[in-house]
Amino acid sequence: MDFHGKRVLVTGAGKGIGRATAVLLAQRGATVVALSRNPADLQQLAAEIGCETLAVDLADVAATRAAVRSALPLDLLVNCAGIAQLTPFLDTTVEDLDTLMATNTRAPMVVAQEVVRDLLRRGVPGAIVNVSSIAAQVGIPNHTAYCASKAALDAITRVMAVELGPMGIRVNSVNPVVTLTPMAVLAWSDPAKSAGMLNRIPLQRFVQPEEVASVIAFLLSDDARMVHGSCLDVDGGFRAN
């Protein structure tokens, strides 16, 4: 998979899957534009891979649109930024739901709209990967808002695929099981909690960020030129069990 000559925007590039993806794509020759709300993370990443950087809070729609426009033109997009909040269903507030939907669902739509409009103006093909979660397809205790936000992202992925495919723009999502990002380590550090998930994974371990990044790179590449509209599990067999 060679990405020389391609410009790719990776949101959530400061940590976890987004960072691993930015590093891998840069190693494969891409010009990476890394977006994160944490300037310190971006500075460290830029020192490592020489990427362009955008510091923005994706919950701010106007700032997000302006940031993406400043990075154009782009050929590829990885919508990876996401947040989680662990709250029992009865304690989940409207504010909790709105907060997660703003970053996990609305922001990918807004970012993709700006990228796609530019691709169409230039008359060139492109590829988009939305980073979703196995939580889009199964119920996980204390994840009401998170599960809802990722299920909605999968729905958006499918609609994008139907509408944008005829225009030469491929859209897929990746749906990993628990991935050992800093956010996940915090959420799943209790063995009593993690045991139930691990017992359902035939490969008997959680996912590493680099393993998800490899799948993202494949979906962006010409090797996946007929993979379109899929929500691809990266789960060690979790949903098969």
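On a predicted model such as this, the values are computed, not experimentally measured, just so you know.
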I'd like to know whether Asn175 forms a side chain to side chain donor-acceptor pair (under 3.5 Å) with Asp233, so could you lay out the CA-CA distance, the side-chain angles of the two residues, the decisive distance to 0.1 Å, and finally the verdict. CA-CA 5 Å; Asn175 295 57; Asp233 295 343; 5.0 Å; no
Side-chain heavy atoms of [X] within contact of [Y], under 4.5 Å:
X	Y	answer
Arg28	Leu24	yes
Thr144	Thr87	no
Leu9	Leu76	no
Leu45	Cys51	yes
Leu72	Arg121	yes

Write down the atom of Gly16, the atom of Thr181, and the distance for their closest heavy-atom approach. CA-CG2, 3.7 Å
Between Asn172 and Gly229 the two heavy atoms that sit nearest each other are OD1-N, 3.1 Å
So, using side-chain contact (heavy atoms from CB on, under 4.5 Å) as the criterion, who are the partners of Val61 when residues are at least two apart? Arg65, Arg106, Val110
If you measure from the Lys or Arg side-chain nitrogens to the Asp or Glu carboxylate oxygens, is any gap between Arg19 and Glu210 under 4.0 Å? no
Of Ile17, Thr21, Ile216, Thr179, which meets side-chain contact (heavy atoms from CB on, under 4.5 Å) against Val174? Ile216
On the six-membered ring of Phe238, is Arg200 placed so that its NZ or CZ lies under 6.0 angstrom from the centre and within 45° of the ring axis? yes
N/O donor-acceptor pair under 3.5 Å between Gln44 side chain and Asp41 backbone: no
Side-chain donor/acceptor of Thr103 to backbone N/O of Ile83, under 3.5 Å: no
Would you check, one step at a time, whether the test side chain to side chain donor-acceptor pair (under 3.5 Å) holds for Asn130 with Thr157? CA-CA 7 Å; Asn130 295 323; Thr157 297; 2.9 Å; yes
